[in-house]
2 protein chains.
Amino acid sequence: MNQPRRSPCPVSCTLDLIGDRWTLLVIRDMMFFGKQRFEEFLESPEGISTNILANRLRLLEEAGLVKKQPYSNHSRRMNYQLTEKGESLRPVLKVITLWGLKHLPDTQTPDRPQSS
Amino acid sequence: MNQPRRSPCPVSCTLDLIGDRWTLLVIRDMMFFGKQRFEEFLESPEGISTNILANRLRLLEEAGLVKKQPYSNHSRRMNYQLTEKGESLRPVLKVITLWGLKHLPDTQTPDRPQSS
DNA sequence: CGGGATCCGTCTTGATACTG
DNA sequence: CAGTATCAAGACGGATCCCG
């Protein structure tokens, strides 16, 4: 998605991974709503399209934030789960959530927040 | 830049404001490096181009995160400063910085960090 | 000289249709 | 169900121009 920035800035490099319109929403769906399957991500109200979702899941896997596994031996169902590194983004999601709730009217806490 | 999402999710709505490749870098430059002028933002190593920078500054102003003022009465120099609302993003920048420093090799703390 | 606006070629994104 | 192919629309990078 994002080219490397030729800069050692931690903000810049982190944004190479999650600084786009969709990536953090996929992570939100995994982290707060426990979503794990392709179709579940498609159901979110923001309406990500299939090619973008496939692309972001692949980039997240390449970045080591998500691991992809077959649901079972005899199924093509795939399972996407956060790795430990992916889970480590929870404070980032949390502070973004809190900022939005405080400063943006018309936002509200998600229906099934599983945040710690 | 980002269309509204028709979703009350605070993550989603916050990303409408800062969920792109450049916006948080401009805010970083203001917040950590004290930059205030157009030309100073252009000097950052990521190399934002003039049209993109002008666009992001305008969007930030419209969002109430930045205020633009003439440097003095008899100069066209402009001054971009974070509003209180913009300053309130400091915890977001901070947690992103910390995540990058911890999880991304080859990142290092900025030269003149003014973060609290 | 500082702060943009405009134009243009390229790259990325995204909606939709389609496939195994 | 989980993607891939296609193709149009938009975002971006860079140069140039403009205006006070």
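Within every chain, numbering begins at 1; the chains are lettered A, B, ... in the order of the sequence lines, protein sequences first and strands thereafter.
Looking at heavy atoms from C-beta onward, A:Gln81 lies in side-chain contact with A:Asn79 at the 4.5 angstrom threshold.
The CE-P distance, from A:Met78 to D:dC1, rounds to 15 Å in whole Å. In this structure, the CG atom of B:Leu42 is 16 Å from the P atom of D:dT16, given to the nearest Å. Counting to the nearest Å, the P atom of D:dG3 and the CZ atom of A:Arg58 are 12 Å from each other. Distance CG (B:Leu59) to C1' (D:dG10): 15 Å, rounded to an integer number of Å. In this structure, B:Leu57 atom CG and C:dG2 atom P are separated by 16 Å, rounded to whole Å. If you measure from atom CZ of A:Arg56 to atom C1' of C:dG14, you get 10 Å, rounded to the nearest angstrom. At whole-Å resolution of the value, CG in A:Leu53 and P in D:dA5 are 16 Å apart. Summarising the geometry, the separation between CZ on B:Arg21 and P on C:dT12 is reported as 8 Å, rounded to the nearest angstrom.
For the ring-ring contact (aromatic ring centres under 6.0 Å, His included) condition, the pairs that include at least one residue of residues 84-106 of chain A, sequence neighbours left out, are A:Trp99-A:His103. The stretch residues 78-88 of chain B participates, sequence neighbours left out, in these salt bridge (Lys or Arg N to Asp or Glu O under 4.0 Å) pairs: B:Glu87-B:Arg90.
Between the side chains of A:Ser44 and A:Lys35, at least one donor N or O lies within less than 3.5 Å of an accepting N or O.
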Watson-Crick and G-U pairing of DNA chain C written in dot-bracket, each distance under 3.5 angstrom, with | for inter-strand partners: ||||||||||||||||||||
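The side-chain contact (heavy atoms from CB on, under 4.5 Å) search around A:Thr50 returns A:Phe38, A:Leu42, not counting sequence neighbours.
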Protein-to-nucleotide contact annotation, 5' to 3' order, nucleotides 15-20 of chain C [B base; S sugar-phosphate only; - none; under 4.0 Å, heavy atom]: BBB--B
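Comparing atom distances between the B:Phe38 side chain and each of D:dG3, C:dG3, D:dC1 picks out C:dG3 as nearest.
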Please list, one pair per line, the donor and acceptor atoms closer than 3.5 Å that link side chains of residues 58-69 of chain B to other protein atoms, with sequence neighbours excluded.
from	atom 1	to	atom 2	distance (Å)
B:Arg58	NH1	B:Glu62	OE2	3.1

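Distances shorter than 4.0 Å separate none of the side-chain N or O atoms of B:Arg77 from OP1 or OP2 on C:dG3.
Taking all atoms of both residues into account, the shortest heavy-atom contact from A:Met31 to A:Leu89 is CE-C, 4.0 Å. Between B:Gly100 and B:Thr107, the shortest heavy-atom distance links the atoms O-OG1, 3.1 Å.
Annotation: the span from B:Phe32 atom CZ to B:Thr97 atom OG1 amounts to 4.0 Å, rounded to 0.5 Å.
Within the nucleic acid shown, A:Tyr80 comes within 4.0 Å of sugar-phosphate atoms alone, with no base atom in reach, counting heavy atoms only.
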